[in-house]
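Worksheet: the structure to be examined is printed underneath.
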Amino acid sequence: MEENKKQEENQGITRRDVVRGLATVPVLGAVAYGLYKKKNLDRYLKHSISEELGMSAGEPAHPPKSEGREIRIGLIGFGIRGKQLAKGLGFAHPSQVEEWRKAAEENKNDYRYLDFRSQEDLNIRITAVCDVFDTYGERARETAANIHREGSGGPMGEPVKRYANYKELIASPEVDAVVIATPDHWHGPMTIEAARAGKHVYCEKPLTWSVEETYEVRKAVVESGVVFQLGHQGRQTDAYLKAREAIEKNVLGPVNLIEVTTNRNDPNGAWVYDIHKEANEATIDWEQFIGQAPWHDFSLERFFRWRCWWDYSTGLSGDLLTHEYDAINQILNVGIPHSAMSTGGIYFFKDGRTVPDVLTTVFEFPEKNLSLLYSATLSSQMDRGKRVMGHDAYMEMGSTLTIYADPRSTRYADKIKKGIIKPDMPIYSYIPGRGADTITSATERYFAGRGLLYTYRGGKRVDTTHLHLKEWLDAIRQGKQTSCDIHNGFEEAMTAHMGTLSYHHKKQVFWDKESESIIV
Amino acid sequence: MTAYMNEQTPLSGRQATWLVLLRVAIGWHFLYEGLVKVFNPSWSPLGYLMDSKGIFAPLFTAMASNPTVLGAVDFLNQWGLVLIGLGLILGVFTRWATAAGMLLLVFYYLSHPPFPGLNYALPSEGSYFFIDKVFIEFLALGVLLRFPTGRIIGIDRLIFGKNHKNL
């Protein structure tokens, strides 16, 4: 034995060395074989599922660059939403740009500056602005003149005219189209005025404040032929576009119940906005603010927090339900419901408001064999998402889209039995910026659900409001349809009004199709 | 019993066998983690990095926020895992592979320290209090670094000979 060993050492590499040197190589073969089998199985499962569903894999294409003539825009209303719309159009106040720039310097993950600077130029000019509060009006002027998207002290474009009254702005020959971001009770009158003057309209949701004006608005827009877009930017959300595809391809089977929700829990979310320190009777045109609303003495609270009063607002129904409803109308074309039944109350914000902070509304669509349940709270942030429940599969919609097969599905029964479809794994999952997949890893879904996968995309993320405005502008230039046109707006407004009327009258209200009227 | 005993690695045959099994198992884990990422073109360490917590979190989120750095991290991580896995399984450049594996594990540990009070998007399958499986794998590689087996069972034996002192 000793003899042998000595001999081996003297001989250099021996047979024993080779055997021991390569002893673990077969392990590699085992890894490779195992991996090969696993990949094949994965591919087979994926293929079997994606063939069954027929869903497209890619992301919705980015619309082509806006070309054609310059459009001259008039901005009406420059509060919180007005500012956001201006940003979507490519305009922000120099001090705001400065703030974003500094924030980006301090925090590399803050992409607001980069996003704004790289946002597509829509080839428009803001030629007129209007706001009943002087400070906002001036800010709007300065914002509109910031054509180079520079920060404080940067070069500015020509001064933009501020109009004291919206009617003058609409009548101005310098204006081709208007963007309306005023309180709800002004949406109707302003849209009517603009349409009659032949000006294209982008109006914030909801379309109207009262039932009566809804007919007038539709008539004015249809008769004038102007291009109208209602501000439900969710129409551009790619996960919703995928959801629509899933419905079209009947991935879910019969859908009989949909649950949509609002879950907010902060003063801002409950419309308790800050009161500007420069605001007073001298700087606010109170009479113009009141408009068709019942008269009330000057009130800063009512001016800045108008969403809390029925006098100017449409409450949860018009303000937040409409987003949810429009998303469902977008994917399912449900139209106006046959009936609505609402209950709720002012349970948390006992601050003098008249609109409820908790609301539940059930809409029935018997022709579609569908109930739509909306429930909202302004005092809890528990995220309940949008749930579309089909006999064969159910879908959760949000910024991501996830579809699970129902364990008792008829359509997928065979594949579930064979183990190809697993009810606890999504059969389809869409993550913005990551595309669609049949089976995503649990890890990716966890990250995506928390916004960790698409929030920081090197500035490539696009603001849906920008896309929605762009669609409207492109439609004006090319004479095309917008995705949330006046008919969608009519449906949206009537649905919201039905919810509100039911809440007020404490009873179920109905839609009469023949006479197009709400029966209380 | 005394077959593998020599001056550099005074290990008994059974001792060496268990160490080699440990080495191959860790290698398998690294290799598979690497291949899964290599074969999945949409794999990105973005979510993992963005989810990091603790005092080093800013470093890892900074890596995620720069697309160039993120791409480099992704590449190095994937192929690092594969090469380390191959090294450990085959016993080739074993000590380099072991040390590199320890370095990677240090990064994983620091980016997701299992400290009380830190909660991650991805729930773990067990309960960890300062010590997690990454830490234990790190210690196991530490043991393998101290008790190298590449020259006993491994290609290092063919490259460097079983008596080479530096491997």
Side-chain angles (χ1 to χ4, degrees), chain A residues 1-2 4-5 8-9 11-14 16-32 34-36 38-39 42-43 57 104 107-111 114 431 433-437 439-460, chain B residues 2-6 16-17 20-21 23-25 27-29 31-32 35-36 38-44 46-52 58 61-70 85-86 88-92 120-123 149-163:
Chain A
M1 190 75 185
E2 278 299 301
N4 274 352
K5 205 178 160 199
E8 272 171 23
E9 270 168 21
Q11 279 171 357
I13 295 176
T14 64
R16 174 187 274 193
D17 286 333
V18 173
V19 170
R20 292 200 172 146
L22 303 178
T24 54
V25 172
V27 174
L28 270 195
V31 175
L35 198 67
Y36 171 77
K38 190 180 175 310
K39 289 295 276 182
D42 284 351
R43 205 172 301 139
N107 176 6
K108 288 208 166 103
N109 295 327
D110 194 324
Y111 279 99
L114 206 73
I431 300 170
R434 307 277 287 150
D437 208 343
I439 305 167
T440 43
S441 74
T443 325
E444 283 193 49
R445 268 183 289 122
Y446 274 114
F447 289 145
R450 283 155 184 81
L452 288 169
L453 275 183
Y454 51 85
T455 308
Y456 306 98
R457 295 299 299 179
K460 277 182 199 142
Chain B
T2 53
Y4 299 134
M5 285 246 196
N6 59 41
T17 303
V20 170
L21 283 177
R23 194 191 82 203
V24 170
W28 182 302
H29 180 216
L31 178 63
Y32 187 70
L35 289 178
V36 159
V38 169
F39 283 128
N40 179 2
S42 65
W43 166 263
S44 163
L46 182 73
Y48 183 81
L49 290 172
M50 290 310 302
D51 192 30
S52 62
T61 49
M63 284 181 186
S65 66
N66 183 326
T68 318
V69 176
L70 184 69
L86 288 174
L88 291 175
I89 291 175
L90 296 176
V92 59
Y120 299 98
L122 190 67
T149 53
R151 284 178 297 131
I152 300 170
I153 299 288
I155 293 175
D156 282 344
R157 184 186 182 106
L158 303 177
I159 301 175
F160 303 105
K162 58 181 173 288
N163 293 321

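Reckoned from all heavy atoms, side chains included, excluding hydrogens, waters and symmetry mates. So you know, we letter chains A, B, ... as the sequences are listed, proteins then strands, and number each from 1.
Contacts between B:Val20 and chain A at a heavy-atom distance below 4.5 Å involve the side chain alone, from C-beta outward. Only the side chain of B:Leu31 comes within less than 4.5 Å of a heavy atom in chain A; its backbone stays farther off. Heavy-atom distances place no part of A:Val19 under 4.5 Å from chain B, backbone and side chain included. The part of B:Leu86 that comes within reach of chain A is its side chain, from C-beta onward, which places non-hydrogen atoms under 4.5 angstrom from that chain. The contact between B:Leu35 and chain A is made entirely by side chain atoms (from C-beta outward), counting heavy-atom distances below 4.5 Å.
Distance alone, capped at 3.5 Å, places no donor-acceptor pair between the A:Arg20 side chain and the B:Ile152 backbone. With hydrogens and angles disregarded, a donor-acceptor distance shorter than 3.5 Å links the side chain of A:Asp17 to the backbone of A:Thr14. B:Arg23 places a side-chain N or O within 3.5 Å of a backbone atom of B:Leu88 that can act as its donor or acceptor partner.
Of the listed residues (B:Leu70, B:Asn66, B:Ile89, B:Leu49), the one with the most heavy-atom contacts under 4.5 Å to chain A is B:Ile89.
A distance of 10.5 Å separates CG in B:Asp51 from CG in B:Leu46, rounded to the nearest 0.5 Å.
You'll find the side chain of A:Lys38 reaches within 4.5 Å of the side chain of B:Tyr32, heavy atoms only.
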